[in-house]
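Position 1 is the first residue of the sequence, and the numbers go up from there. Model, not experiment: these values are computed from the prediction. As the structure lists them, so they are numbered: ligands from 1, and atoms in each ligand from 1.
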Amino acid sequence: MTERIFNFSAGPAILPLPVLERAREEIISFRGTGMSVMELSHRSSIFGEVLDAAEAGLRRLLSVPDNFRILFMQCGATSQFSIVPINFLASEGTANYIVTGAWGKKAFIEAKRRGQARIAYTTEEKQFTSIPEPSELKIDPTANYVHYTSNETIEGVEFKYDLDGGDVPVVCDASSNILSKPIEIERYALIYAGAQKNIGPSGVTVVIIRDDMISRVPEGLPPMMDYRLFAEHHSMPNTPNTWGIYLIGLVCDWLESQGGLQAMARKNRDKAERVYDAIDTSVGFYTGHADAAARSNMNVTFRLPTADLEQIFISEATAIGLDGLKGHRSLGGIRASIYNAFPVEGVDRLVSFMSDFARRNG
Ligand code: PMP
């Protein structure tokens, strides 16, 4: 098959077609070097420009102030579940975790293995269907940091506000909604995100970290877990994922050409509303997982009346080029991931398939 399909995968996820086309154009000889970016030395000045461009693109799009560093690390967002407490959970200190889904729970379990991590709020008893109101959150003012997950990819619940930690540093796993809308970076001490949903390919983790957090990093950490080392060495204490960083730069260029994050937020809201409307107008054939107020604009999760119908839904959808709709294995059901690069035409195709399927099977 040479045609592109509509890829609803949760990640690795769809990349913008113009990004893939530009990468294809540049793959044999990047800017006249006679090499692809993958073959360039990471110490070459030309790769330095690639790294600077990716960083500058993220900085512009997210309006990252000068007192924050942007780091490109490896080993995925999962590694940050350990790296955050290893850097910031002091042996006599505590950390607060707000757990609104499976990823936040994993982050908490990992932090607990490293020190005194406590759950400040969880929605687990409600099957992770909701997001707390800011007034419901009681954060321990002595905590070393408070951690939350701004969008839970598996359940499809999303914070609609930037958490206010007061004087407590806020650490956020933004893997599945970073760059989907503007955020108030000043509220955060550290944001991390695996790249493979909205930023680029898998294998790079973007970390945006405030300078004063870097000064808290203890001495003598393993190099690949040491934020200070990454900051001091411009993300290159060792060989970085050069190809991934290059693609991040291209994705940033594409986002800017689309009007930046305000425009993306509008488009993402509009796309998500189309799918949620299809759920809500199906008179009970489709049931959304998330409470209405917590609905994610990135991952739309829903169920059909039976697991058998869900199977048929997925195979019929795949057959007409709507791919990757199977829900996460832990939750089942359907999940439509509609990140920045996912086109509205694909959303409309899904919506019309949903209505047709409900008519035939309802
Ligand atoms: N956090 C969130 C919110 C995620 O969606 C994911 C992956 N889907 C992870 C963490 C883990 O990311 P990785 O596979 O890059 O370790």
(request) To the nearest 0.5 Å, tell me how far Ile199 CD1 sits from Leu58 CG. (result) 6.5 Å

(message) Could you identify the single nearest non-hydrogen protein atom to atom 3 (C) of ligand 1 and state the distance to 0.1 Å?
(response) Thr153 OG1, 3.3 Å

(message) Can you confirm whether the side chains of Tyr276 and Tyr286 place a donor and an acceptor under 3.5 Å from each other?
(response) no

(message) Students often mix this up, so state it plainly: with edges at 30° and 60°, are the rings of Tyr161 and Phe159 parallel, tilted or perpendicular?
(response) perpendicular

(message) Please list, in number order, the atoms of ligand 1 under 4.0 Å from a heavy atom of Asn151.
(response) 3 (C)

(request) Report yes or no: do Asn151 and Ser176 form a side-chain donor-acceptor pair below 3.5 Å? (result) yes

(message) Just to confirm my output: which protein heavy-atom neighbour is closest to atom 14 (O) of ligand 1, and how far is it?
(response) Gln196 NE2, 3.6 Å

(message) I need the nearest protein heavy-atom contact for atom 1 (N) of ligand 1: residue, atom name and distance, please.
(response) Asp173 OD2, 2.6 Å

(message) Give me the residue, atom name and distance of the protein heavy atom closest to atom 6 (C) of ligand 1.
(response) Trp103 CE2, 3.5 Å

(message) To check your reading of the model: name the closest protein heavy atom to atom 12 (O) of ligand 1, its residue, and the distance in Å.
(response) Ala77 CB, 3.5 Å

(request) Could you tell me which atoms of ligand 1, counted from 1 in the order shown, lie closer than 4.0 angstrom to a heavy atom of Phe81? (result) 10 (C)

(request) Say whether Asn299 and Ser337, considering side chains only, have a donor N or O and an acceptor N or O under 3.5 Å apart. (result) yes

(request) State, yes or no, whether a side-chain contact exists between Val168 and Asp140 at a heavy-atom distance under 4.5 Å. (result) no

(request) Name the closest protein heavy atom to atom 16 (O) of ligand 1, giving the residue it belongs to and the distance to 0.1 Å. (result) Thr78 OG1, 2.5 Å

(message) Under a 4.0 angstrom heavy-atom cut-off, which atoms of ligand 1 come close to Gly76?
(response) 15 (O), 16 (O)

(message) Is it the case that atom CD in Gln262 sees more than 12 heavy atoms from other parts of the structure closer than 6.0 Å?
(response) no

(message) Below 4.0 Å, non-hydrogen atoms only: which portion of Thr205 touches ligand 1? Side chain, backbone, both or neither.
(response) neither

(request) Would you mind checking which non-hydrogen protein atom is closest to atom 8 (N) of ligand 1, with the distance to 0.1 Å? (result) Lys197 NZ, 2.8 Å

(message) Among Leu229, Thr242, Leu51, which residue satisfies the side-chain contact (heavy atoms from CB on, under 4.5 Å) criterion with Met236?
(response) Leu51

(message) Heavy-atom pairs closer than 4.0 Å: do any link ligand 1 to the side chain of Tyr192, the backbone, both, or neither?
(response) neither

